[in-house]
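Before any comments, here is the structure.
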4 protein chains.
Amino acid sequence: MVVVMAPDATDEDIARVVERVESVGGEAFVSKGLTRTIIGLVGDIDSFHHLNLRTLAGVADVHRISDPYKLVSRQHHHERSTVWVRGVPIGPDTFTFMAGPCAVESPEQTLEAAQMAKAAGATILRGGAFKPRTSPYAFPGLGVRGLEILADVRAATGLPIVTEVVDARDVAVVAEHADMLQIGTRNAQNFGLLQAVGNAGKPVLLKRGFSSTIEEWLMAAEYVAQRGNLDIVLCERGIRTFEPSTRNTLDISAVPVVQATSHLPIIVDPSHAAGRKELVVPLSRASIGVGADGIIVDVHPHPEDALCDGPQALLGSELRELAGAVRTMPGLLGRVDASERARILA
Amino acid sequence: MVVVMAPDATDEDIARVVERVESVGGEAFVSKGLTRTIIGLVGDIDSFHHLNLRTLAGVADVHRISDPYKLVSRQHHHERSTVWVRGVPIGPDTFTFMAGPCAVESPEQTLEAAQMAKAAGATILRGGAFKPRTSPYAFPGLGVRGLEILADVRAATGLPIVTEVVDARDVAVVAEHADMLQIGTRNAQNFGLLQAVGNAGKPVLLKRGFSSTIEEWLMAAEYVAQRGNLDIVLCERGIRTFEPSTRNTLDISAVPVVQATSHLPIIVDPSHAAGRKELVVPLSRASIGVGADGIIVDVHPHPEDALCDGPQALLGSELRELAGAVRTMPGLLGRVDASERARILA
Amino acid sequence: MVVVMAPDATDEDIARVVERVESVGGEAFVSKGLTRTIIGLVGDIDSFHHLNLRTLAGVADVHRISDPYKLVSRQHHHERSTVWVRGVPIGPDTFTFMAGPCAVESPEQTLEAAQMAKAAGATILRGGAFKPRTSPYAFPGLGVRGLEILADVRAATGLPIVTEVVDARDVAVVAEHADMLQIGTRNAQNFGLLQAVGNAGKPVLLKRGFSSTIEEWLMAAEYVAQRGNLDIVLCERGIRTFEPSTRNTLDISAVPVVQATSHLPIIVDPSHAAGRKELVVPLSRASIGVGADGIIVDVHPHPEDALCDGPQALLGSELRELAGAVRTMPGLLGRVDASERARILA
Amino acid sequence: MVVVMAPDATDEDIARVVERVESVGGEAFVSKGLTRTIIGLVGDIDSFHHLNLRTLAGVADVHRISDPYKLVSRQHHHERSTVWVRGVPIGPDTFTFMAGPCAVESPEQTLEAAQMAKAAGATILRGGAFKPRTSPYAFPGLGVRGLEILADVRAATGLPIVTEVVDARDVAVVAEHADMLQIGTRNAQNFGLLQAVGNAGKPVLLKRGFSSTIEEWLMAAEYVAQRGNLDIVLCERGIRTFEPSTRNTLDISAVPVVQATSHLPIIVDPSHAAGRKELVVPLSRASIGVGADGIIVDVHPHPEDALCDGPQALLGSELRELAGAVRTMPGLLGRVDASERARILA
């Protein structure tokens with residue numbers, strides 16, 4: 001950490017900072033400038049946080065310099081990780097295509113969507129049984145019944161399942177049915193839920209909060225990791241900005257930024273970022289180009305009857321176009337398809 | 001709702017929209033313009049949502065026109081509401097001053113802070129026992145022990161208590177000790193928690209999500225109200241913007257916007273918005289000026305030893321300055337002090 | 001400045017930074033931590049900028065610590081300044097009320113608006129002759145004819161005039177007619193225009209760019225100041241955020257932040273921030289409460305016929321309410337009305 | 001346009017809106033709902049703007065429905081356009097790679113950078129002679145001397161030149177030397193400058209304002225187009241958001257959104273969006289993937305000596321990697337290299 005003193009800080013003010021730092025075993029290096037003094041702190045950062053240096057007289061600012069996350073950082077875990085979901089890898093060597101309906105509505109709709117997804121090359125099925133909705137009057141999902149439908153569809157298609165959990169009290173039942181637990185964007189700072197999925201013994205798909213900085217997002221991952229679960233896949237899904245033409249602004253740069261900072265895999269959700277199906281194919285190609293480890297896309301056999309997010313669901317020609325991109329582009333960038341890799345390893 | 005057709009929409013496209021609207025008992029008024037057709041929908045809006053009109057061929061856009069919240073809307077409840085917290089009113093006729101430490105750290109610190117708050121004119125004590133923290137390595141609060149301390153301090157000072165609840169599983173124990181349950185900014189869309197506090201039978205202090213629009217915030221209130229609890233006080237506490245000089249940007253305009261739209265009382269938290277104690281007094285005066293129904297402010301007897309948010313806690317001369325503003329300004333704007341009103345009514 | 005080295009930086013990397021800093025006469029203080037080394041730089045900051053330290057091997061980050069502005073900073077000019085506009089003061093001891101129509105449309109409309117403004121207590125008349133408009137199809141203002149109308153209305157009412165200049169080529173003619181030159185929000189980084197008004201010898205009203213940080217805004221003021229003109233009044237007018245219920249989000253905290261950082265006066269424009277006339281009175285009272293040095297408000301005798309921003313113009317009862325607040329509130333906060341102060345000094 | 005009446009609007013209020021619309025030759029279609037009435041307007045939209053309907057009693061809101069731009073809209077110009085810069089095409093069939101130094105510093109540095117750019121496959125040279133700088137103390141560019149250097153380097157390398165113009169008074173001299181005039185992000189709403197380049201008879205590279213919505217950006221293009229110049233290339237370069245890890249957030253979705261809305265070509269500037277050179281290659285690949293019509297990238301022979309934006313300039317291995325992506329990826333997506341197309345047509 002670096003403490004920046006105010007221009008009018010006195011020698012006593014500086015001495016008090018040094019003394020406080022040394023009181024917890026740290027070292028303080030004082031650099032006196034013409035108008036300001038800065039003090040570099042060396043030692044255990046966590047102990048410095050409790051010093052409340054910012055409240056001391058003469059202190060203008062305190063800059064943190066090292067990353068606040070540890071377990072998910074790439075600093076001490078240089079190799080990028082691969083997370084396996086019931087035999088399907090997500091990581092630096094592969095490109096994993098996940099698809100499915102936003103919400104599980106019925107056995108028929110879910111099976112049909114899963115078959116569409118599989119035919120297009122998807123190797124993991126997404127589908128929501130518990131839906132967080134901005135309005136208490138909107139469709140909240142089928143709950144446990146939805147989980148059972150997903151399990152049946154997995155049996156029929158062989159596709160592993162990722163589904164969202166929205167309440168710590170539901171983690172056990174969701175973990176019983178699903179292969180991967182999704183934390184949605186609205187729960188990015190629901191720390192009790194993060195800890196509960198960290199304890200559940202299943203891989204986690206951690207969506208970025210639509211207003212989380214990348215650092216806050218990695219801190220959320222740290223909450224999961226701290227419970228002993230490092231099988232975390234991050235998912236960029238757009239952030240809130242002033243631009244109204246898309247539902248959120250896909251922060252495509254987050255992919256290489258995260259890959260440089262954390263060893264965790266990162267995929268992209270172009271459907272929820274854009275909220276408009278005609279943007280899903282170009283944004284998926286952008287995601288492949290930027291080097292994402294996969295994508296997760298909404299498909300629905302009958303978008304006009306969808307109970308949730310119909311306008312962003314792909315079908316027909318667009319899905320075929322996406323399938324083509326997923327089949328051809330990742331190879332050019334040195335990746336194999338996730339199903340291919342699973343086959344090789346089997 | 002208004003459906004805007006694309007310039008190249010056909011007569012069949014228009015007919016399909018009309019048909020779908022009529023199929024659920026609605027009426028569709030078609031206005032053909034030179035380049036576009038718009039269709040005004042009249043009837044039960046909730047039924048229209050399930051029509052997925054946006055997915056139909058030829059539809060360019062769908063505009064919602066009426067507010068999506070009902071119970072918290074001022075439309076059918078013109079009079080602005082007053083919420084009572086153990087005998088202390090929060091509403092349009094009064095100005096309620098709440099203060100206390102960000103976190104409960106010990107009986108001594110909490111009592112001392114409560115006495116400071118009371119001496120400055122506060123009529124409700126704030127204090128956190130369960131703290132949501134961005135880092136899993138930060139102080140998480142004392143939990144149930146903290147609630148007990150708060151209850152003891154209430155007994156000693158007579159001040160009613162507002163404290164945060166961060167997990168639906170904790171609602172019962174918090175409701176047992178506290179007089180008002182606070183939902184924090186990070187849980188603004190934790191719908192399970194909102195429903196749980198809606199069931200708890202205690203007044204609720206609902207902070208705005210730092211990235212919630214006012215409409216989303218009122219929808220969160222609707223979740224609480226839908227469970228039969230209309231004793232909700234809204235709290236503006238700053239939103240996330242690009243400006244780095246304050247922790248968040250206090251959206252002072254939210255106060256009159258909410259007052260025009262909802263019957264619920266609204267207060268301001270200048271401490272968490274600014275994150276810097278030297279801004280708390282001017283922002284409190286701005287809150288009184290704009291017509292807020294109260295403020296909630298961090299005070300701490302020894303900010304340099306605070307385990308949470310020390311840099312924004314008031315003490316000494318600043319607190320005296322704030323006390324003066326709270327004593328004199330609201331009266332000029334036609335409000336009485338909350339303790340005064342409680343006295344009159346007693 | 002502080003240079004933060006990457007965890008894997010070598011001793012050679014560190015030596016290279018030190019050497020480069022010393023090559024321009026600076027001193028480098030090295031603090032070696034467990035995982036990172038930080039280097040504090042002491043000396044002439046401007047010379048450090050040209051070193052491109054961020055491009056050197058092993059450098060992770062470079063933090064600037066001191067403010068980049070000088071002439072407008074309060075650091076070396078502790079006393080807050082007062083700017084005089086044809087005998088009317090704007091500064092820390094007074095509260096200055098400016099009002100007038102958004103656009104000058106005709107002699108009659110301008111005179112009528114000026115009389116309304118004066119009757120409500122305004123001491124400076126605002127009115128736009130050159131209007132920056134997002135659409136090339138919108139009313140661009142009357143240009144030089146508008147300036148002449150403003151000059152006539154000044155003669156009739158005695159009110160000094162502030163009007164916007166949007167093009168460096170117009171500065172001379174505007175300066176010939178107006179008493180104060182306004183730089184609008186869209187020209188906050190039009191550096192040629194800033195320099196031109198800096199040369200014009202008239203006080204400047206510098207609106208904040210709707211996406212400028214406070215630091216960038218003060219840098220814009222520095223551009224004016226560098227030309228020898230320190231008669232600058234800053235005007236907070238709202239920033240762009242995700243909240244749609246107001247045209248912009250008034251950053252009320254900017255007032256005390258600027259007052260702590262810069263010696264320049266700062267006023268608030270609630271009309272353009274909100275874009276809705278029913279918010280103008282509460283936001284004006286908030287501005288008085290927060291300690292602003294004045295406000296600037298749109299008034300129009302017939303808003304329904306206004307060629308620009310009719311929905312935010314005050315008239316009738318709202319203007320009377322505002323007049324009351326401006327007459328009574330500033331005195332409570334230790335300020336005199338600007339016209340009063342001008343009278344005392346005369 | 002659609003006028004939404006307030007719930008308590010009277011029949012007289014509705015009649016007044018209808019009357020006003022009809023007074024300018026429009027038609028008003030009234031749809032009375034249970035709680036609200038909406039009125040669809042048909043006719044000349046520009047005439048409606050002057051009606052100030054939002055100021056009328058009983059009017060709650062007015063929604064614009066059609067796009068406010070005309071000349072740059074794809075609605076009446078379905079085919080996407082190609083802009084030619086001294087024989088080099090930018091448009092839907094090609095992928096155009098522009099590169100060069102951020103600032104022209106000397107003949108040697110500019111020539112060396114141009115040769116690097118050309119060797120990597122660039123077909124247009126970028127380089128700044130007039131630099132808009134946030135600080136008045138930063139390097140402002142070489143001005144006319146810089147333009148002469150660029151012209152010399154064009155003679156030596158054959159690369160057409162794009163360079164920024166920051167002041168309407170400089171347009172003539174820049175147009176004399178350059179092949180394409182760039183409007184930078186800070187001048188996105190400098191309407192006088194936009195009109196001046198619209199008159200200059202040279203292609204224009206119009207960067208998005210870092211806080212402009214896509215609609216505002218297209219309105220800026222409309223200002224240029226209205227002067228008779230439709231040779232406009234749009235350039236997405238990142239927008240201002242809350243995320244601090246990149247200088248701006250590249251809005252990659254803007255590419256397909258613009259391509260659906262406007263016939264103008266659109267390219268991406270990954271260097272200025274990211275501000276960090278290690279992100280330039282992945283973001284360039286994302287830009288190719290999303291379907292951009294080209295990219296513009298900073299290169300510098302000696303970034304550590306750069307007078308402007310050194311940290312984002314590519315060289316060596318990264319530039320070779322970029323060259324590889326530009327050579328191979330666009331072909332897969334059905335585009336030819338711009339130089340190839342120029343050759344074919346020659």
Side-chain angles (χ1 to χ4, degrees), chain B residues 67 208-218 236 238-261 268 270 273-292 295 321 324-325 327-333, chain C residues 67 208-218 236 238-261 268 270 273-292 295 321 324-325 327-333:
Chain B
D67 295 331
R208 180 179 184 177
F210 61 75
S211 286
S212 294
T213 61
I214 291 174
E215 184 176 299
E216 289 167 345
W217 185 18
L218 292 175
E236 162 63 33
I239 58 174
R240 182 159 275 184
T241 71
F242 62 81
E243 171 57 50
S245 70
T246 42
R247 190 156 72 167
N248 288 117
T249 297
L250 182 66
D251 182 7
I252 196 84
S253 316
V255 174
V257 168
V258 162
Q259 289 174 341
T261 317
V268 172
R276 293 163 52 180
K277 72 175 185 297
E278 69 271 27
L279 302 181
V280 173
V281 174
L283 293 180
S284 295
R285 287 195 319 243
S287 304
I288 300 172
V290 88
I295 51 172
E321 196 182 346
R327 211 167 37 237
T328 56
M329 285 181 70
L332 298 165
L333 301 165
Chain C
D67 295 331
R208 180 177 184 180
F210 60 76
S211 287
S212 293
T213 61
I214 291 174
E215 184 177 300
E216 288 167 346
W217 185 17
L218 292 175
E236 161 63 34
I239 58 174
R240 181 159 275 185
T241 72
F242 63 80
E243 172 57 50
S245 69
T246 43
R247 189 155 73 169
N248 288 115
T249 297
L250 182 66
D251 182 7
I252 197 84
S253 316
V255 174
V257 168
V258 162
Q259 288 174 341
T261 317
V268 172
R276 295 164 51 181
K277 72 175 183 298
E278 67 271 25
L279 302 180
V280 173
V281 174
L283 293 180
S284 295
R285 288 195 317 244
S287 304
I288 300 171
V290 89
I295 50 171
E321 197 183 345
R327 211 166 38 236
T328 57
M329 285 182 68
L332 297 165
L333 301 165

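Because the structure is predicted, anything quoted here is derived from the model rather than measured. Atom set for the values below is all heavy atoms of this structure, side chains included, hydrogens, waters and symmetry mates excluded. A note on names: the letters A, B, ... follow the listed sequences, proteins ahead of strands, and every chain is numbered from 1.
Interface check for chain C: of the options B/Leu283, B/Leu332, B/Thr328, B/Leu333, the most heavy-atom pairs under 4.5 Å are formed by B/Leu283.
To the nearest 0.5 angstrom, B/Glu243 atom CD is 9.5 Å from C/Trp217 atom CH2. With values rounded to the nearest 0.5 angstrom, C/Thr241 atom OG1 is found 6.5 Å from B/Asp251 atom CG. Distance check, rounded to the nearest 0.5 Å: CD1 of B/Ile288 to CZ of C/Arg285 gives 11.5 Å.
For the side-chain contact (heavy atoms from CB on, under 4.5 Å) with B/Pro282, the qualifying choice from C/Val290, C/Val255, C/Val257 is C/Val290, the only one to do so.
Under the 4.5 Å side-chain criterion, counting only non-hydrogen atoms from C-beta, B/Phe242 is in contact with C/Ile239. Using a 4.5 Å heavy-atom threshold, the side chains of B/Thr213 and C/Pro244 count as touching.
With a 4.5 angstrom heavy-atom cutoff, C/Leu250 touches chain B via backbone and side-chain atoms both. Both the backbone and the side chain of C/Ser253 come within less than 4.5 Å of a heavy atom of chain B. Residue contact with chain C, scored on non-hydrogen atoms closer than 4.5 Å, involves the backbone of B/Ser212 exclusively.
Here the closest heavy-atom approach between residue B/Ile214 and residue C/Ser245 is recorded as CD1-OG, 3.5 Å.
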